[in-house]
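Data first, discussion second: the structure below is written as C-alpha cells.
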Amino acid sequence: MEQWLTQLWSETVALFGGQVWILIVSGILLLTALVDAVQRRLLRVLHRQLLKRNRIWLDSVVDAARSPASFFIWVNGTVLALTSLLLQLNVYTDLIPFVQSFKSTILTLSFGWFVIRLVQRLEKHLKQVARGDDRLDEVTVEALAKIIKLLAFILTGLFFLNAFGVSLTGLLAFGGVGGIAVGFAAKDLLGNVFGGLMLYLDKPFTVGDWIRSPDKNIEGTVEEIGWRMTTVRTFDKRPLYIPNGIFANISIENPSRMTNRRIKETMGIRYSDVGKMAGIIKDVRQMLIDHPDIDDKQTLIVNFNQFGPSSLDFFIYTFTKTTEWILFHEIKQDVLLKVSAIVESHGAEMAFPTRSLHLESWPENMPLPAMQPVPQAEKAGSK
C-alpha cells in the first residue's frame, strides 16, 4: 500500500512537471471545495427536514450557519493553501504569522456574521409569536434584537482591532476620555438614542397606537419607533418625525389603550314640561341599561341637572362597550335619537332658546298691537 501511494505521488508530481507547489495548492483548494459542497448539502437537507417538522427555533440556527460556514471553510482552505505555497517556494516565510493572525480575525468576523443572521431569524419568529401572545410584543422583540446585534458588531470590531495589535486597554481608556468629548458634542443625538431605548423599555405606546400630546401639537398613529426618532402619521396622512428625546419631557396620551368610550351630553326640555321630567329621566336611564352597546358595569348617570336660561337641563353620563371611533359615533347617534323619542313619548319637547316679554301696564287710550306669529326658525335663533 505504501509503495503504491509513493508511486502515485511520483506520477502525479511528474504530471505537474515537477512543480510540487502547484499540486499541493490545487489539492488543498479542491479539498476545500469538496468540504464546502458537502456541508452545504447537509445543511440544506437538515434545513428542509426541520421546516417539515416545524422546528423553527433549531432551524434558525441551521439556516443562520449556512453562509458563515462556507465562509469559514474557504478562509481556512485559502490560508492553508497560501501558507503551503510560501513554505514550498521558501519566500516571504516571515509573513506566515501575520497570515495566521489575519485568519483568526476573519474567523471572528464570520462568527459575528453568524450571530447577526441568527438574531434576525429569531426576531422574525418571535414577532410572529408576539402577534398571538399577550406576554410578548413586537416592539420589545425588535429592541432586544437591535441591542444584541449592536453588541455583536462592537465585540467583533474590538476583536478585529486586537488581532492587528491594537491594545484593547488603551482603546477603552481612549474611548472613556473621547466618549466624554463626544457626549458633549452630540448630546442631542445621544439624548434621542437613550430616549428611544426608554420607549422600548417603558412602552408608553407601540407601533399602530393612536397617540396625542396635550403639551405639543402631536396626534396620529405611530408608524415606526427608531433609535433616533419616531414616525407618527397624522390623521390628514402627513408624516410627523419626532426626536425620541422629546418624549422624556412631554405628557403622552394613548387613546388606543382606553377600555371604553364615554358619552357625556346635556339636554334640555321646556319649563312647561317640568312635571314630566322625572318620568323622562327614569325611561332614559332604563333605555341605557337595556342598550346592548352600553356597558352597564361602568358609571351610568341620568339626572336633572339645572334650571337653564330657557330650559330644564338633564344630563347623561355613560360608557360604550366599544372603543372603535366610527362604531362609537353610531352608538352615540342611536342613544341621542332614543332620548329624543322618549321625550316625545311623554308629550314633552326639547327646549330651544326663548325670551318672554312682560308688560306691567298699557295706556288705556292706546290700542294693543296686533301680534304676528313668529316663525319657528326665528324663535330658535332669538336670544
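Residue indices begin at 1 and follow the sequence shown.
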Looking at side-chain heavy atoms only, is the closest gap between [X] and [Y] below 4.5 Å?
X	Y	value
Val335	Leu288	yes
Val232	Ile242	yes
Glu330	Gln333	no
Ile316	Met267	yes

> Is there a ring-ring contact (aromatic ring centres under 6.0 Å, His included) between Trp210 and Phe205 once you walk through the steps?
Replying inline: CA-CA 8 Å; Trp210 164 27; Phe205 53 80; over 10 Å; no
[X]: what forms a ring-ring contact (aromatic ring centres under 6.0 Å, His included) with it, not counting sequence neighbours?
X	value
His47	none
Phe314	none
Trp74	none

> Hey, mind stepping through Ser70 and Gln39 against side chain to side chain donor-acceptor pair (under 3.5 Å) and telling me if it holds?
Replying inline: CA-CA 8 Å; Ser70 293; Gln39 72 85 20; 2.6 Å; yes
Restricting to non-hydrogen atoms, name the atom on [X] and the atom on [Y] that form the minimum distance, rounded to 0.1 Å.
X	Y	result
Lys321	Asn260	CA-ND2, 4.0 Å
Ser213	Ser251	OG-O, 2.9 Å
Leu43	Val62	O-CG1, 3.8 Å
Ser310	Ala351	O-CB, 3.7 Å

Rounded to the nearest 0.5 Å, how far does [atom2] of [Y] lie from [atom1] of [X]?
X	Y	atom1	atom2	result
Thr299	Lys264	OG1	NZ	12.0 Å
Phe247	Ile225	CZ	CD1	8.0 Å
Glu349	Ser340	CD	OG	10.0 Å
Ile73	Leu31	CD1	CG	10.0 Å
Thr234	Asn217	OG1	CG	9.5 Å
Ile211	Thr206	CD1	OG1	10.0 Å

> Tell me, which pairs form a ring-ring contact (aromatic ring centres under 6.0 Å, His included) where one or both residues lie in residues 254-290, sequence neighbours left out?
Replying inline: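 Listed by first then second residue: nothing to list.
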>> Applying ring-ring contact (aromatic ring centres under 6.0 Å, His included) as the test, list every pair that has at least one member in residues 275-306; sequence neighbours left out.
In response: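 As it turns out, the ring-ring contact (aromatic ring centres under 6.0 Å, His included) pairs with a partner in residues 275-306, which skip direct neighbours, are Phe304-Phe307.
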Connected-component partners of [X] among ILVMFWY, side-chain separation under 4.5 Å:
X	result
Leu337	none
Tyr241	Met229
Leu30	none

> Is there a side-chain contact (heavy atoms from CB on, under 4.5 Å) between Ile263 and Thr320 once you walk through the steps?
Replying inline: CA-CA 7 Å; Ile263 298 177; Thr320 62; 3.8 Å; yes
Find out if a path of hydrophobic residues (ILVMFWY) with successive side-chain heavy-atom gaps under 4.5 Å connects [X] to [Y].
X	Y	answer
Phe315	Val284	no
Ile250	Val222	yes
Leu336	Met350	yes
Phe328	Leu300	yes
Ile280	Val274	yes

Pairs touching [range] that satisfy salt bridge (charged side-chain N to carboxylate O under 4.0 Å, His left out), sequence neighbours left out:
range	value
residues 275-302	Asp273-Lys276
residues 229-240	Glu223-Arg233, Asp236-Arg238
residues 205-218	Asp209-Arg257, Arg212-Glu219, Arg212-Glu253
residues 336-345	Asp334-Lys338

>> Side chains of Thr266 and Asp313: any donor to acceptor distance under 3.5 Å?
In response: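 No, no side-chain donor-acceptor contact under 3.5 Å.
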> Does the side-chain contact (heavy atoms from CB on, under 4.5 Å) test come out yes or no for Leu118 and Ser60, once each step is laid out?
Replying inline: CA-CA 6 Å; Leu118 177 61; Ser60 298; 4.1 Å; yes
>> Applying side-chain contact (heavy atoms from CB on, under 4.5 Å) to Arg261 and Ile331, what does each step give before you reach the verdict?
In response: CA-CA 10 Å; Arg261 284 190 180 273; Ile331 297 170; over 6 Å; no
>> Any side-chain to backbone donor/acceptor pair from Arg270 onto Phe352? Under 3.5 Å, distance only.
In response: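 It does not hold such a pair.
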> Would you call Lys332-Glu265 a salt bridge at under 4.0 Å N-O?
Replying inline: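 Result for this pair is yes, salt bridge flagged.
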>> Please determine whether side-chain contact (heavy atoms from CB on, under 4.5 Å) holds for the pair Met287 and Ile294, giving the CA-CA distance in whole Å, both sets of side-chain angles, and the decisive distance to 0.1 Å.
In response: CA-CA 10 Å; Met287 180 271 294; Ile294 297 297; over 6 Å; no
